[in-house]
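Below: the structure, in structure tokens.
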Amino acid sequence: MTYKRKLITAALLLTLLIILVFPALTAGQYDIEAGKVFGLIWGKISGGETAGISRAQEVIVWRIRLPRLILALTAGLSLAVSGAAYQGCFRNPLVEPYILGVSAGAACGAALAIVYPHIFPQGQLTAFLFALAAVTITYGLARSRGETSSVALVLSGIIVGALFGAVVGIMKYLAADAQLREITFWMMGGLYYATWDDARLTVLCVAPAFIFLWWYGWHLNVLSLGDEEARSLGLNPAFCRFMIIIAATFAAAVCVSTCGVIAWVGLMMPHAARMIFGPDNRWVVPVSALLGGIFLLICDTIARTLAPAEIPLGIVASIVGAPYLLWLLRSKGRDIYGR
Amino acid sequence: MAGKTLMSVHELSFAYGRRTILHEISLNLRGGRLRGLLGPNGSGKTTLFKCCLGFLKVARGQIELEGRSIAEYSPRELAARVAYVPQEHRPAFPYTVREMVEMGRTPHRGAIPALSKADHRAVDQALARLNLTALANENYNHLSGGQRQLVLVARALAQEAALLFLDEPTSSLDFSNQLIVWEAVQSIAREGLGAIICCHDPNHILWFCDEAAAIKDGRILAEGPAREIITRGLLEELYDRPIQTADLNGRSFIYPLTSPREANDA
């Protein structure tokens with residue numbers, strides 16, 4: 001694919017993303033006309049009057065749907081981009097953002113906060129701190145004699161995941177019925193409670209990580225050849241990998257602690273980006289971000305509108321995602337990996 | 001024509017824990033010279049390469065590049081002067097040939113993610129030099145082993161380093177591809193680059209290299225012009241088995257003294 005065609009395709013994807021914003025804001029249990037929605041948003045931004053719009057409509061669009069839309073886009077972006085970053089870092093196209101125990105740590109933190117709210121009053125913050133703690137432990141376990149190999153990292157990620165998963169198990173066992181329900185819903189992922197505070201916080205945290213990872217796209221390409229080659233081409237592989245893991249983990253942890261565990265996005269979107277644009281991470285990173293945003297926006301709109309009661313986002317993403325990955329494996333597996 | 005000394009290794013010793021791998025190795029690598037490194041498996045060739053390329057920290061002895069210890073170079077500075085050509089392999093992602101060669105520009109890139117005109121020119125030249133221009137947009141993973149090896153050599157050229165380290169570039173190739181890679185490396189060295197190449201076939205070193213060094217159990221057994229040092233005595237000492245040499249049409253050959261069949265006949 002030539003540079004020009006890549007640019008055009010990326011522009012088309014961006015257009016698609018913008019088009020998808022319309023149904024996301026207008027559709028729902030309470031249908032609101034597009035004109036009113038955008039009149040309201042324009043009024044809010046410009047500080048003018050929002051005539052002819054009821055209080056209920058204002059709450060639904062401005063307080064519920066808009067932050068939720070922003071959160072869906074940010075979560076899709078950050079999970080997809082951190083997936084792309086991890087895959088390059090670990091030279092393994094099957095790695096996902098949760099590989100180092102982010103999701104297990106966050107789930108553990110969330111479960112603790114749900115079962116013991118008086119000890120951990122801040123659910124989201126607890127989930128975030130536990131997610132970071134899990135990755136730190138993973139990194140610490142993998143480090144031996146001043147070196148951190150990819151295999152050691154992946155293995156210790158599995159160990160730490162199992163450990164934190166066990167704690168979640170204990171919490172589920174100890175939890176009262178209502179708490180158990182809450183833990184289960186949290187682990188299925190969703191954007192039910194999205195507020196402007198959540199949206200603002202995630203955007204502020206994810207934006208710098210995204211820019212950094214995009215900037216490091218070339219480093220990711222070189223790192224994906226292996227440590228020795230990366231070193232002989234002039235990079236410090238351990239340092240690069242450390243920086244990339246920090247940025248990717250941070251972005252993923254912020255999203256998991258806000259939205260719960262949403263699988264597939266981080267695995268699938270970089271694959272799709274590679275299929276369209278080739279493996280160059282200077283393209284894979286931004287295109288994964290676009291595709292991740294598009295995918296979660298579609299999934300969340302389906303989750304909100306398909307059934308009278310909301311379906312957890314994680315379930316929708318899995319139902320949409322699994323057939324896609326299967327198709328990818330059967331039809332393109334040989335092509336893209338050249339085996 | 002021998003150029004100036006690019007890298008000089010002086011009394012280098014290296015140990016993994018208590019196990020000493022290299023004992024006081026001294027070696028000079030010069031521009032315009034192709035040097036073969038011969039040694040049995042486990043003799044320390046790879047460790048020597050890793051020390052020279054800065055993958056391993058040198059505890060005892062000195063490795064100097066252009067008069068300065070390589071420990072003082074940053075990875076980027078080192079990569080602009082010394083290139084590593086690994087044995088061909090398939091990366092996890094399906095890069096094109098051009099993308100693989102472009103990665104050789106890493107030590108010369110500025111801060112912007114895009115490549116400069118000078119970068120593109122160097123990549124074009126490197127591809128053309130190894131007759132890979134027609135394959136530039138092919139999937140690197142789909143090429144034959146020999147072609148992949150040539151791409152890695154092209155990447156080292158795009159890197160514009162003065163000294164090339166080639167790690168067994170011909171070990172996994174068929175007869176014809178081995179010769180193609182050797183001829184490419186030989187002609188590159190003729191143009192003034194220095195190259196050191198690890199190889200398990202003493203015949204190849206005899207035919208293609210200007211200089212050779214033989215290493216066993218972490219010590220240099222012999223070093224000098226390839227035709228002078230690769231002798232029956234050296235090879236027998238190196239490999240602990242009877243070996244014969246012969247001359248045919250002005251070329252030297254090395255062959256085992258007893259093949260399994262001859263041993264059966266006897």
Side-chain angles (χ1 to χ4, degrees), chain A residues 1-3 84 87-95 145-147 150 211-240 270-271 273-275 277-286 332-339, chain B residues 16-17 46 49-50 52-57 73-87 89-96 98-115 119 137-143 148 152 155-156 158-159 161 164-165 167:
Chain A
M1 209 186 226
T2 60
Y3 183 77
Q87 288 168 12
C89 251
F90 293 108
R91 310 167 60 192
N92 185 342
L94 292 178
V95 161
R145 278 193 270 151
E147 284 178 37
S150 302
I211 292 167
F212 173 83
L213 289 173
W214 192 356
W215 196 257
Y216 257 50
W218 181 280
H219 296 69
L220 268 173
N221 289 350
V222 177
L223 266 187
S224 74
L225 299 178
D227 279 14
E228 289 191 348
E229 277 183 73
R231 168 102 201 180
S232 77
L233 290 169
L235 296 188
N236 181 341
F239 176 73
C240 279
H271 277 256
R274 255 177 239 122
M275 272 177 55
F277 285 79
D280 182 348
N281 282 297
R282 289 174 298 167
W283 287 97
V284 170
V285 169
K332 301 269 180 173
R334 199 160 297 173
D335 257 19
I336 31 178
Y337 301 115
R339 301 282 143 124
Chain B
Y16 284 112
T46 306
F49 265 37
K50 286 182 175 179
C52 293
L53 289 160
F55 299 165
L56 295 172
K57 276 214 179 84
Y73 286 87
S74 72
R76 191 184 163 105
E77 289 171 329
L78 199 60
R81 292 162 178 82
V82 180
Y84 171 54
V85 180
Q87 206 175 346
H89 60 91
R90 287 176 177 173
F93 301 102
Y95 295 110
T96 63
R98 195 180 172 86
E99 283 168 339
M100 282 300 280
V101 178
E102 280 176 353
M103 289 195 217
R105 298 302 298 169
T106 306
H108 303 286
R109 284 172 70 240
I112 343 162
L115 291 173
D119 290 330
N137 294 318
E138 295 290 315
N139 181 340
Y140 171 80
N141 284 350
H142 287 178
L143 302 183
R148 279 204 294 272
L152 294 178
R155 186 179 74 189
Q159 205 172 330
L164 267 52
F165 282 76
D167 193 5

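Letters A, B, ... are given to chains in the order of the sequence lines, protein chains preceding strands, and every chain is numbered from 1.
For His108(B), no part lies under 4.5 angstrom from a heavy atom of chain A. Proximity to chain A is absent for every atom of Val85(B), based on heavy atoms less than 4.5 angstrom apart. For Leu115(B), the parts lying under 4.5 angstrom from a heavy atom of chain A are both the backbone and the side chain. Heavy atoms closer than 4.5 Å to chain A are found in both the backbone and the side chain of Glu102(B).
Put simply, the side chain of Glu99(B) reaches to within 4.5 Å of the side chain of Pro279(A), judged on heavy atoms.
Chosen from His89(B), Gln159(B), Met103(B), the residue pairing most often with chain A at heavy-atom distances under 4.5 Å is Met103(B). The candidate with the highest count of non-hydrogen atom pairs below 4.5 Å against chain A, out of Ala156(B), Pro107(B), Gly104(B), Ala161(B), is Pro107(B). Contact count against chain A (heavy-atom pairs under 4.5 Å) is highest for Arg155(B) among Lys50(B), Arg155(B), Arg76(B), Glu77(B).
The closest donor-acceptor contact from the side chain of Asn137(B) to the backbone of Arg98(B) lies at 3.5 Å or more, if one exists at all. Formation of a donor-acceptor pair under 3.5 Å by the Arg148(B) side chain with backbone atoms of Leu143(B) is found in this model. The main-chain N or O of Pro91(B) is never found under 3.5 Å from a side-chain atom of Arg91(A) such that the two would form a donor-acceptor pair.
Applying the 6.0 Å contact sphere to CH2 of Trp214(A) captures no more than 12 heavy atoms from other residues, nucleotides or ligands.
A distance below 6.0 Å separates the ring centres of Phe49(B) and Phe165(B).
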